[in-house]
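In what follows, chains are A, B, ... by sequence order, proteins preceding strands, each numbered from 1.
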Amino acid sequence: MSAGLQGADQPFMFPPPDPAKPDTSALYLELDGWEGPLDLLLDLARRQKVDLRQISILALVDQYLTYIERAGEMRLELAADYLVMAAWLAYLKSALLLPKEEQEDPSPEELALRLQLRLQRLGAMREAAARLMGRDRTGRDVFLRGAPEGLRTDRKTVWRSDMFALIQAYGQVKARTAPRIYHVANRPVMTLDSALERVSAMLGVTLEWMEIRDFLPPHASPELKRSALASSFVAALELARRGRAELDQESAFAPLRIRRLKEGAAS
Amino acid sequence: MTGAESGRAEPGTLERAVEATLFAADEPMTVEALSSHLGGIEPGEVRGALTALQLQYAARGIHLVERGKRWHFETAPDLAHLLRREKEQVRRLSRAATEVLAIIAYHEPVSRAEIESIRGVQTSAGTLDVLMEAGWIKLAGRREVPGRPVIYATTPEFLDHFGLESRRDLPGIDELRAAGLLDPVDEALETAMRFDPDEPENQEEDTHEDEEGA
Amino acid sequence: MTGAESGRAEPGTLERAVEATLFAADEPMTVEALSSHLGGIEPGEVRGALTALQLQYAARGIHLVERGKRWHFETAPDLAHLLRREKEQVRRLSRAATEVLAIIAYHEPVSRAEIESIRGVQTSAGTLDVLMEAGWIKLAGRREVPGRPVIYATTPEFLDHFGLESRRDLPGIDELRAAGLLDPVDEALETAMRFDPDEPENQEEDTHEDEEGA
């Protein structure tokens, strides 16, 4: 019945597994070889029939329970999950044998089918694994070159720059490091020395009274004229002190006049 | 294409360059890697040269093969018996590791819980480690379901080692898919319960899946 | 010996075996080693297979060669350049390196100490290395002063890269000034807006500067 649930008449697509071994006590020796109850069930199913789609779940349950029972007789210690599976299979068996109308949900048929599907899937993967391992494998059946020269890629940096960057860099070096010469711009002033020189020179021209303004440079800027006036005034005072000139002013803020003294006349 | 048409033709310049490069390389190379190594030759031309070379080597003791989009030279499989004796260094895998590898290869990407539900036992951490260390499987992200489990997939090295050009070459994968044996049990159960097994309808369904898988 | 007569023949069984064995071998093999590896084939036959293979590979990107009585496959000599590829990575010269290069170009030959005194900052050895690697400067002997410092000068590649016929084509100080390149950076804009280039005067000074620079 369970076998019929999934297209029993479809051809099986795998090469047959190992020739079915007889269900004998040889099982005991393989105890360590099982990877859990599903693994054991799969092996039992394989012994039963070639096609996992046609196995009898009832027969499988019986075989499993027999195996567990024998293991118990031999006082082999079974892992808990084998016992859990045994209990579950015992329940499944009784449910499958009950009249249909007393069944619960999910039905025992569905549980049986689920088990069968799981076994099919595990079986399929086990076969796939065997076929995979049987392929021509590198290092076992096919070999790569024993002593390849190897490819080497040397990284090489190609530097790039351009003319503008070059001269700009040089300009900036120059600008950054040029010796700094600080020079004060020529300010519009007449120094006392030059005023002295100038006033002395002008005094030498005549013995007449001259206005001090006449000593100023004729085309000078207003700033320079102011400076020249002040310097010339101080120069006139200096010359008077040295006894080389005399000063005259009629009233406050009147034009200041200056006249050369004759040599020796001052005493 | 002249080279590809006749295995006897003298190899052209590009063929010789591809041949020498792959021969000297420490590991398999993709078309793109070859193309860039050869100074930017069109990938299409490189592919043409590879096809021509493959044909030229078909009858030789060395073959040019593609594995997971990467190309390399290897000895012809039929000469295995001559070479095997000195070079027995293939990793021996436990049965558990073998099964886990097969499950990942045929179902990828797949979570550990999914592997365990197929095998019916817990997978020890060591099993996955061994496969990772061999370079045959890798973490392939996480499944976006509650718990976000890590999922696993195979690598190009896996294809390489087992002489597979791509996962499509996995032995029997089309048949397994067609038979629904790569679908989860729940899905298969639903499908099975929906049909009355003795009806011809079921046959139709099978045929349909075969077509899909092919 | 049919294989030896024609490089186009399908390789025979022994040739294929020899081919695969040499391909997979870790090191070159003598005729005797091959013979014993292949289960005691007559050395004469092995030699015949080697000669045939050598001929079959003569035009390929791989050659079968004998060196000191030992045979192995290797890349064809004309393709040896494929084994070492140079991958070029273009990088822009750093500001510091550009300054040093400019100083060398304007003042060559010049020692490192002189470069530093012109730049007003220390110059790392790496900067000069980069310029040497770029092929733009070279060692130009030693200055015959105490300590005999190494002096540097530019190369023809330098002129080439910067599109100069000769160093005399480097703009003079006053051209730089005219272009605002001698102004401290923050004043450059102000100057540029006020400056009225005075042609004849500039020309005169250029000549002068050139003489000094040459």
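- Ring geometry, C:H161 versus C:W136: the interplanar angle falls from 30° to 60°, so the pair is classed tilted.
- The pair C:E108-C:R167 meets the salt-bridge criterion, since a charged nitrogen lies less than 4.0 angstrom from a carboxylate oxygen.
- We find that B:R67 and B:E157 are not joined by a salt bridge, their nearest charged nitrogen and carboxylate oxygen being 4.0 Å or further apart.
- For CD of C:E133, the number of neighbouring non-hydrogen atoms (other residues, nucleotides, ligands) closer than 6.0 Å is greater than 12.
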Applying side chain to side chain donor-acceptor pair (under 3.5 Å) to B:Q56 and B:E15, what does each step give before you reach the verdict? CA-CA 10 Å; B:Q56 288 160 30; B:E15 283 164 36; 2.8 Å; yes

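- Other residues, nucleotides and ligands contribute at most 12 non-hydrogen atoms within 6.0 Å of the CD atom of B:E27.
- With chain C as partner, the option from B:G61, B:S36, B:A59 having the largest number of non-hydrogen pairs under 4.5 angstrom is B:G61.
- Interface residues of residues 70-80 of chain C toward chain B, defined by a heavy-atom distance below 4.5 Å and sorted by number: C:F73, C:T75, C:A76, C:D78, C:L79.
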